[in-house]
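Comments concern the structure below.
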Amino acid sequence: MGALRRLRAMSGLMRASCLVLAVCAAWFAVNLVTPVGPPVLLWLPTPAGALLLTAAFRRTSRAAALPAPTRRFWGHLSLSALLVGVAHTTQAVDVLTHPGLGGVYNGPGLLIFDSGAILLIVYALYRLPLSSRSAGERLRVTLDGGTVVAGAAVFIWHFQTRVALGTDDRSQVLGSLILGVLALVVVLAVAKVMLSGYEFIDKSALQWLAFAIFVGATTSLLQPLLSPGHPHLVVTQVSIPVVCCLASWAAERQRLATGRAVAVRRRRPFSLVPYAAVAAVYVLLILETFIGGHTDQKMMVLGAVTLTALVMVRQVAAFVDNGRLVARLDHGATHDALTHLPNRSLFGQRLQQALQPAPGAPGRRPVSVALIDLNDFKEVNDTLGHEVGDLLLVEVARRLAGCAGAHDTVARLGGDEFVVVLPGADPAAASLAADRMAAALRTPAVVNGHELPISASIGIADGRTGDDASLLLRHADIAMYAAKKLTGTAFLHYDSTMSEPGGDHSQLREAIAGGRCFLVYQPIVSLDDGRLVGAEALVRWDHPEHGILPPDTFIPLAERTGLIVPLGRFVFGEACRQFAQWCARYGDAAPAVLNVNVSPRELREAGYADFVAATLATHGVPASRIVLEITESLALDLGPAVATLDRLRALGLRISLDDFGTGSSTLRLLHDCPVDEVKLDRSFTQAPASGRAPVAAAVIQLAQSLRLHAVAEGVETPEQAAQLRSLGYRTAQGYHFARPVTAAQLTEWMTGSPVAAQPSGPSDERTDQRATSA
Ligand code: C2E
Ligand code: CA
Ligand code: CA
C-alpha cells in the first residue's frame with residue numbers, strides 16, 4: 001500500500017527507470033535459467049537506463065529553485081551519465097560482434113569512456129564550493145581531507161601497489177599506480193564534500209549517489225561467478241540499470257529538496273571522518289606488527305598508538321567544549337536573559353517562518369500576531385524598584401508561555417512588551433488565544449511580598465502566509481495602542497481605521513525639516529593608550545517643551561512612521577559634513593573613522609546606497625572612513641537589506657553589528673550578513689567578571705577567529721577597561737572615557753584641550769550640549 005503510494009508520487013522519469021530495471025531483471029533471470037531470444041535484447045536496457053538517467057540529472061540541473069552550484073553539479077553529472085551509457089554500449093557492440101570474448105573482457109571504448117565519466121564526477125565534486133568562509137576553516141577541511149587521503153594511500157600501498165611491485169610485471173605496476181591515483185582522487189573529492197558539510201548537495205541525494213557509484217564499481221567482481229555456465233550473460237547487463245535507477249533516485253531526492261532549505265544546516269562543529277582514517281591505519285599497523293614484529297617493535301607501536309589515541313580524545317573533548325560555548329552564545333543570542341523567552345531576533349525568524357508559503361499546501365493559511373504591553377509597568381519599577389519589576393516580568397512571561405500552543409512562539413521584545421506568533425490562527429482563534437492570555441493575567445502576581453495586579457493591552461494583527469512581517473507587527477502595534485485607550489486588560493484586532501500612535505508624529509517631521517535635530521559624538525578609544533581612534537554619531541532632538549530628547553524616545557516612533565528615512569538622511573549628511581571639516585582642519589588628529597547608526601528600514605529603502613555614495617562624494621569623505629552600525633529587527637527582513645549591505649561594502653564602507661550578543665545579532669545574522677565589526681553590548685561589558693565564562697570572552701574569540709574588528713561598548717569603570725583589555729579587546733567606548741559630546745567639545749578633545757579629562761560621573765549632557773553645538 002505504502003509502496004504503491006510512493007510509486008504514484010514518483011516523477012514519470014523515475015517510474016520509467018524503475019520499469020526498465022524491472023523488465024531487465026526479469027529477462028536476465030529468465031536467461032539465467034535458460035538462454036532465450038537474441039542476445040542483443042539483454043543489452044538494450046543499458047542505453048535505455050543511461051538515457052533516462054541523463055534526462056533525470058538534466059532536469060535536476062534545471063530546477064530553478066536550486067542554487068547555481070547545485071545546478072552546475074547535476075549538469076556535470078548528466079554528461080557523466082551519458083558517457084557511462086556510451087561506454088557500455090560500445091562494450092555491448094564489442095561483445096555482440098566478437099562472441100568469443102566472454103564476460104571478463106574490458107574493451108578500449110569501455111575503459112576510455114568510463115574513465116572520462118569518473119573524472120567528470122570527480123571534477124563536479126571538486127567544483128562544489130566549500131561552505132566555510134574563514135581561512136581557518138578552509139585549512140581545517142584541507143588538513144582533514146589530507147588525513148583521509150593519507151590513510152587511504154596506506155591501504156592502497158599495502159594491499160595493491162606493494163603486491164604489484166612484487167610481481168615484476170611493469171604493465172601491472174603501471175596499471176595499479178594509475179588505479180591507485182584515481183582512487184585517491186575520488187577519495188579526496190568525496191572527503192571534501194563530506195567534510196565541508198553538504199552545503200549545496202542534499203545529504204540523502206549524495207548518499208544515494210555514493211551508493212550507486214559503489215554498486216557500479218564493485219558488482220563486476222561477481223562476473224567470475226557467472227562466466228563458466230552462462231557465456232552470454234554479463235553482470236553489467238543488469239548492474240548498469242540498477243546504478244541508473246539508484247542515481248535517478250538521487251537526482252529525484254535533490255529536486256524534491258528544493259522546498260527545504262538546502263543551504264543553512266546545523267552540523268557538528270567537527271568531523272569524525274579523519275579520526276576514522278587514523279584509527280583504520282593504526283588497526284592495520286597493529287595487526288601487521290603483532291603478526292611478525294619483534295617484542296621491542298610491538299611495544300613501540302603500542303606506545304605510539306596509545307599516545308595518538310590520547311591526543312585524539314583530548315582534541316575531541318576540546319571540540320565538544322567549543323561547541324558548547326558556541327551553543328551557549330547562540331542561545332544567549334536568541335533568548336532573553338531575564339525571562340528565558342525567545343527574544344526579538346528569534347521572534348523575527350519564527351514569524352518569518354510562519355509567513356512562508358508552505359510548498360505542498362496551496363492557498364494562504366492564516367497567521368496572527370498578538371502584541372502584549374503591560375499597563376503602568378513603569379510605576380512598579382519606579383515605586384518598588386527594578387528588582388520587583390524584573391520579577392513581575394518573569395511571572396508574566398511564565399503565565400503567557402503557559403497559554404501558548406505547541407506551535408506558537410511567545411517572545412519578549414524588550415521592556416514590558418511581549419509578542420505571540422500564532423501560526424494557523426484565524427481571527428476567531430486569535431481572539432480565543434487573547435482571551436486565554438487575559439484570563440492568565442487576571443490573578444495578581446505576588447512578588448517579594450507585594451501583591452501586584454497585572455493589566456495589559458493586547459493588539460492583534462490578522463495576516464496570511466505571504467504577508468510582510470514588519471507590516472504585521474506594525475499593525476499589531478497600532479491595535480495595541482488603540483487597546484490602551486480601553487480600561488483594564490483588553491484586546492483589539494487591527495483595522496485600517498485605527499490611527500497611528502504617537503500624536504507628535506507631525507512634530508517630529510517638523511523637527512527634522514526645521515533643523516531641531518542635531519548630532520553628538522561619543523569618542524571610541526584605543527584601550528592600549530587611550531588614543532582617540534573613532535567616534536560614533538548619535539542623534540538628539542531639541543524639543544520645544546521637553547528639552548533635549550535622547551534617541552530612544554523618538555527613534556521607535558520614527559521607525560513606525562517611516563520618518564526614520566528623512567531623519568537618517570539628515571544624520572548621515574550632517575555626520576559627513578562635520579567629519580570632512582575635522583579631517584580638513586586637523587588631519588591626523590581627527591578620528592580615523594566615524595560610526596553612524598542606520599535603521600533596517602533605511603537599508604530597505606531603494607536607492608539608499610546611491611544616496612550614501614552621493615553624500616560621500618559631496619563632502620569628499622573616503623568611504624573607508626565610515627562605519628555603518630546596524631542592529632535589531634534587521635533579522636526580520638534580511639533579504640533585500642543584505643544586497644544593500646553588499647553594495648555599501650563594495651563602495652568601501654564598513655559594516656558593524658551593534659549591540660552584539662543581545663539577540664538582534666545572532667550567530668546566524670553574523671553568518672548571513674556581510675560585516676566587518678561587532679560592538680559588544682554594554683550589558684556584557686558591565687556583567688561582573690566572576691562566575692560563568694563571560695560572554696565578552698566568547699565574543700572576542702569569535703571576532704578574532706572571523707577576523708572582525710571588535711569594540712566594547714558601555715565601559716563605565718577602569719576595572720571594566722582593564723578586564724576587556726586582558727581579554728584581548730583593543731578598542732572601547734563608554735562613559736569611563738567620555739560621554740557623547742557636542743562637535744565643538746570633540747574638537748577640543750582632538751586638539752588636546754580640557755574636555756579629554758572629563759570625569760566619568762554623570763555629566764550634564766542634556767543641558768550643555770545644545771548650547772555648545774558647533
Ligand atoms: P547605541 O548605538 O548602542 O549607542 C550607544 C548608546 O549608549 C548611546 O545612547 C550612548 O550615549 C550610550 N552609552 C555610551 N556609553 C555608555 C556607558 O558607559 N554607559 C551607559 N549606560 N550608556 C552608554 P543614546 O545616544 O541614547 O542612543 C541610544 C540608541 O539610539 C543608540 O544605541 C542607537 O541604537 C540609537 N540611535 C542613536 N542615534 C541614532 C541615529 O542617528 N540613527 C539611528 N537609526 N539610531 C540612532
Ligand atoms: Ca550604535
Ligand atoms: Ca550599541
Side-chain angles (χ1 to χ4, degrees), residues 344 414 508 511-512 517-525 534-541 548-576 578-579 593-605 608 612 626-634 641 654-665 675 677-687 699 710-721 724 731-742 745-746 758-766 769:
R344 179 184 279 274
L508 178 58
I512 299 166
C517 292
F518 65 99
L519 296 184
V520 290
Y521 299 87
Q522 187 174 31
I524 300 174
V525 302
E536 177 176 359
L538 296 157
V539 69
R540 299 287 180 267
W541 175 4
I548 310 272
L549 292 180
D552 293 342
T553 58
F554 59 91
I555 294 275
L557 171 69
E559 282 179 339
R560 268 204 305 273
T561 54
L563 282 175
I564 192 70
V565 175
L567 179 62
R569 293 197 173 201
F570 158 75
V571 168
F572 192 78
E574 173 59 14
C576 285
Q578 181 62 61
F579 190 50
V593 292
L594 189 66
N595 286 33
V596 183
N597 294 285
V598 202
S599 281
R601 175 80 188 258
E602 291 174 71
L603 289 177
R604 285 201 297 270
E605 201 70 21
Y608 182 72
V612 166
I626 300 289
V627 179
L628 294 181
E629 295 192 7
I630 53 167
T631 25
E632 285 296 347
S633 45
L634 190 62
R654 273 176 282 166
I655 308 295
S656 175
L657 272 190
D658 206 350
D659 304 339
F660 188 73
T662 55
S664 42
S665 14
V675 291
E677 179 182 274
V678 292
K679 292 188 88 175
L680 177 73
D681 188 67
R682 64 168 171 268
S683 57
F684 304 119
T685 302
Q686 296 167 357
V699 169
V711 180
E713 279 193 315
V715 181
E716 292 185 352
T717 66
E719 292 76 32
Q720 287 165 0
L724 289 163
T731 16
Q733 183 181 350
Y735 293 170
H736 169 58
F737 307 105
R739 287 183 170 256
V741 294
T742 61
Q745 286 169 314
L746 195 71
Q758 218 187 1
S760 58
S763 82
D764 278 328
E765 193 205 305
R766 280 178 177 238
Q769 59 193 196

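Just so you know, ligand 1 is whichever comes first in the structure, and atom 1 is the first atom listed for that ligand.
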May I ask you to list the protein N, O or S atoms found at less than 3.0 Å from the Ca ion (ligand 2)?
-> Glu536 OE2, Asn597 OD1, Glu629 OE1, Asp658 OD2
Do Gln522 and Glu536 have side-chain N/O donor and acceptor atoms under 3.5 Å apart?
-> no
So, Ser599 and Glu559: side-chain donor and acceptor under 3.5 Å apart, yes or no?
->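 Short answer, yes.
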To which of [options] does the heavy atom nearest [atom] belong?
atom	options	result
atom 25 (O) of ligand 1	Arg540, Gln720, Gln522	Arg540
atom 39 (C) of ligand 1	Leu519, Val539, Thr717	Val539
atom 28 (C) of ligand 1	Asp552, Asp681, Val571, Val598	Asp552
atom 37 (C) of ligand 1	Pro551, Ala537, Cys517	Pro551

Taking non-hydrogen atoms only, is [X] closer than 4.0 angstrom to ligand 1 via side chain, backbone, both or neither?
X	value
Arg682	side chain
Val715	backbone
Asp658	side chain
Pro740	side chain

Partners meeting side-chain contact (heavy atoms from CB on, under 4.5 Å) with Val593 (sequence neighbours left out) | Asn595, Val627, Arg654
Taking only residues two or more places apart in sequence or in another chain, which ones pass side-chain contact (heavy atoms from CB on, under 4.5 Å) with Gln686?
-> Arg682, Glu716, Gln720
Quick one: does [X]'s side chain get under 4.5 Å of [Y]'s, heavy atoms only?
X	Y	value
Lys679	Phe660	no
Val711	Val678	no
Tyr608	Val598	yes
Leu538	Leu519	no
Asn597	Leu628	no

List ligand 1 atoms under 4.0 Å from [X], heavy atoms only on the residue side.
X	value
Gly734	15 (N), 18 (O)
Ser599	44 (N)
Asp659	3 (O)
Ile555	43 (C), 45 (N), 46 (C)
Glu716	17 (C), 18 (O), 19 (N), 20 (C), 21 (N)

Can you name the residues that form a ring pair (Phe, Tyr, Trp, His ring centres under 6.0 Å) with Phe554, not counting sequence neighbours?
-> Trp541
Between Ser656 and Ile630, is there a donor-acceptor pair closer than 3.5 Å when you use the side chain of the first and the backbone of the second?
->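 No; zero donor-acceptor contacts below 3.5 Å.
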Donor-acceptor pair, Thr553 side chain versus Leu549 backbone, under 3.5 Å?
-> no
For ligand 1, is there an N or O atom under 3.5 Å from any N or O atom of Tyr735?
-> yes
For Leu508 and Leu557, run side-chain contact (heavy atoms from CB on, under 4.5 Å): C-alpha distance rounded to whole Å, both residues' side-chain angles, the deciding distance at 0.1 Å, then the answer.
-> CA-CA 9 Å; Leu508 178 58; Leu557 171 69; 4.2 Å; yes
Taking it one step at a time, do Val539 and Phe518 satisfy side-chain contact (heavy atoms from CB on, under 4.5 Å)?
-> CA-CA 6 Å; Val539 69; Phe518 65 99; over 6 Å; no
Does even one non-hydrogen atom of Glu713 get within less than 4.0 Å of ligand 1?
-> yes
Determine, using heavy atoms of Lys679 and all atoms of ligand 1, whether some pair is separated by less than 4.0 Å.
->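 The answer is no: ligand 1 sits nowhere under 4.0 Å from a heavy atom of Lys679.
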